[in-house]
Amino acid sequence: TDSFDYTQYHTLSEIYSFQDMLVAENPKLVSKIVIGQSYENRPLNVLKFSTGGTNRPAIWIDTGIHAREWITQASGTWFAKKLVTDYGTDPALTAILNNMDIFLEISVNPDGFYYTHNNNRMWRKTRKPNSGSSCVGVDPNRNWDAGFGLPGASGNPCSETYHGPKAESESEVKAIVDFVKSHGNIKAFISIHSYSQMLMYPFGYTTTPAKDDAELHSLAEKAITDLASLYGTSYTYGSLIDTIYQASGITIDWTYNQGIKFSYTFELRDTGRYGFILPANQIVPTAQETWLALMTIMDHTNKNPY
Amino acid sequence: KESFEGHQVLRIIPKDDIQLSLIKELEDMIHFEVDFWKEVTRVNTPVDVRVPFHSLQSVKIYLETQGIEYSIMIEDLQVMLDEEQKEMMSVARAPEPRN
């Protein structure tokens, strides 16, 4: 993985190969878990970074739930490499990994990602057909059982924010739900999107503040301050409904309702010129600055057990 | 492979609540087949919308007649996608791992 080109976008098969290489190179630190299968039978791979122990408290990071947000899968790949290179050299990360496990799902929506490479670069949703409609796919970030179907998602299968026929109808979502429930000890859950330069916490479906609103707010402020320290990229932050718009059935509302206090979602950088076609030379700077914010959240999670 | 030739991405910045609701109405005009990259949120917050070539004139006229300012963020999406593809293809790939 030293020769993997982190400055370029990669296909799904290249990312799968990268994951296997990383595991082969770091067998004592990294393993691959297949938590399920996509609609088109692709494996849902999760990299587990662990220094031992059983059922340690854990941090979950995912990228690429929306297929066309290529910067997220690319950043996830960079994070994976960063985790192995910094363990043992960076004191903060070493302390985290000596106490907690980190799970990283680089491509949450592999069918959609494959489709962006081969058929439609602008595809966002899953690839499951919708009964009674010619439109394909569900927005996997409206398919969670948290305010499912409330305002902030669409009931129209042709919409980019179609919530699906029922909560967890998408195998890509259900696989994470089952994993989180069976693990039972995940303490932070960070879901990464692009491109609005935001860091948000629950809720999206209601204006009622989360019980931990104050702590989530101050940690978000610290995280985006640390992020900005590298290249000056300015983020907005706050609860999702206050920061962006009402959205129902979203990932972090479900994880928060499961008791995962540090539930956050990122919208990575917006250069104001390219939208989802962020040039590849932006991958590493985006990943580098995001890493600083991730470290802030992970460090806080490690130092503030609950 | 779907082509996005002639598609533009417009950046619209709503100046007041009336403009906000007018842009939201654009979302409901399904025949335009617009794709909101950045959804309508609040006043002075950019909305980015991909507009297919066949709807460009109508959407621009709609915005202009309502007095809503916009700029063209992406002039021709397919040109950018071609560049992206070219860049991906030109990079010397690392050899595949041995079986």
Side-chain angles (χ1 to χ4, degrees), chain A residues 1-11 13-14 16-22 24-25 66 68-70 115-124 152 154 156 158-161 194-198 236 240-247 267 270-281, chain B residues 1-5 7-14 20 23-24 27-28 30-52 71-99:
Chain A
T1 57
D2 287 340
S3 61
F4 188 85
D5 190 350
Y6 299 91
T7 68
Q8 292 297 326
Y9 290 114
H10 291 272
T11 63
S13 65
E14 288 168 341
Y16 280 157
S17 297
F18 165 84
Q19 291 173 334
D20 290 335
M21 278 191 284
L22 197 73
E25 290 167 0
H66 286 149
R68 65 190 179 183
E69 299 170 8
W70 278 14
Y115 200 70
T116 63
H117 278 276
N118 295 286
N119 299 82
N120 180 346
R121 175 65 181 84
M122 289 300 116
W123 192 259
R124 165 186 166 101
S154 174
N156 178 356
C158 298
S159 164
E160 295 290 358
T161 57
S194 72
Y195 65 106
S196 297
Q197 289 184 197
M198 293 172 176
T236 52
L240 198 135
I241 195 167
D242 288 341
T243 308
I244 186 163
Y245 44 67
Q246 185 174 16
E267 286 275 348
D270 170 19
T271 60
R273 295 180 63 186
Y274 302 104
F276 297 119
I277 321 297
L278 195 67
N281 63 15
Chain B
K1 201 165 194 174
E2 187 155 336
S3 170
F4 296 89
E5 197 176 338
H7 291 218
Q8 292 190 343
V9 181
L10 307 181
R11 172 155 283 196
I12 309 165
I13 303 185
L20 266 183
I23 300 165
K24 272 184 186 158
E27 244 177 325
D28 298 328
I30 51 173
H31 54 285
F32 285 160
E33 296 181 322
V34 294
D35 168 20
F36 278 78
W37 283 14
K38 267 190 182 173
E39 304 271 346
V40 182
T41 54
R42 58 177 63 81
V43 170
N44 290 325
T45 302
V47 176
D48 293 343
V49 58
R50 175 175 62 83
V51 186
S71 58
I72 299 170
M73 185 169 90
I74 295 175
E75 187 77 34
D76 185 331
L77 183 57
Q78 191 57 46
V79 171
M80 287 184 65
L81 295 181
D82 290 344
E83 282 169 13
E84 184 182 65
Q85 189 68 23
K86 204 168 135 192
E87 197 173 354
M88 283 184 76
M89 299 307 287
S90 67
V91 172
R93 298 282 184 195
E96 289 290 314
R98 280 180 291 180
N99 190 326

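Proteins come first, then strands; the chains are lettered A, B, ... in the order of their sequence lines, and each starts at number 1.
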Novice: Side-chain contact, heavy-atom cut-off 4.5 Å: A/Y274 with B/M80?
Specialist: yes
Novice: Would you compute the distance between atom NZ of B/K1 and atom NE2 of A/H117 and round it to the nearest 0.5 angstrom?
Specialist: 8.5 Å
Novice: Check side chain to side chain donor-acceptor pair (under 3.5 Å) between B/D28 and all other residues, then give those that pass, not counting sequence neighbours.
Specialist: none
Novice: Quick check for you: among B/V9, B/D48, B/D35, B/I74, which has the greatest number of heavy-atom pairs under 4.5 Å with chain A?
Specialist: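 Heavy-atom pair counts peak at B/D35.
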Novice: Heavy-atom distance under 4.5 Å to chain B: side chain of A/D242, backbone, both or neither?
Specialist: backbone
Novice: Please classify the contact of A/W70 with chain B as side chain, backbone, both or neither, using a heavy-atom distance under 4.5 Å.
Specialist: side chain
Novice: How about B/W37 and A/M122: do any of their side-chain heavy atoms sit closer than 4.5 Å?
Specialist: yes
Novice: Sequence neighbours excluded, which residues qualify as ring pair (Phe, Tyr, Trp, His ring centres under 6.0 Å) partners of B/F4?
Specialist: B/H7
Novice: Sort A/R68 into side chain, backbone, both or neither according to what part of it lies under 4.5 angstrom from a heavy atom of chain B.
Specialist: side chain
Novice: Does this structure show an ion pair linking B/K38 with A/D270, if we count only N-O contacts that are shorter than 4.0 Å?
Specialist: yes
Novice: Is A/R273 close to chain B through its backbone or its side chain, or both, or neither, when contacts mean heavy atoms under 4.5 Å?
Specialist: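 Backbone only.
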Novice: If you round to the nearest 0.5 Å, how far is OH of A/Y115 from CD of B/E2?
Specialist: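 Result: 7.0 Å between the selected atoms.
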Novice: Do the non-hydrogen side-chain atoms of B/E39 and A/T161 ever get within less than 4.5 Å of each other?
Specialist: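 SC-SC contact between B/E39 and A/T161 confirmed.
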Novice: Please check: side-chain N/O of B/R42 versus main-chain N/O of A/Y245, any donor-acceptor pairing under 3.5 Å?
Specialist: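 Looks like no, no N/O pair under 3.5 Å.
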Novice: Is it the side chain or the backbone of B/I30 that comes within 4.5 Å of chain A heavy atoms, both, or neither?
Specialist: neither
Novice: Would you compute the distance between atom CG of A/N281 and atom CD of B/E87 and round it to the nearest 0.5 angstrom?
Specialist: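 A/N281 CG to B/E87 CD: 7.0 Å, rounded to 0.5 Å.
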Novice: If I take atom OG1 from residue A/T11 and atom CE from residue B/M88, how far apart are they, to the nearest 0.5 angstrom?
Specialist: 6.5 Å
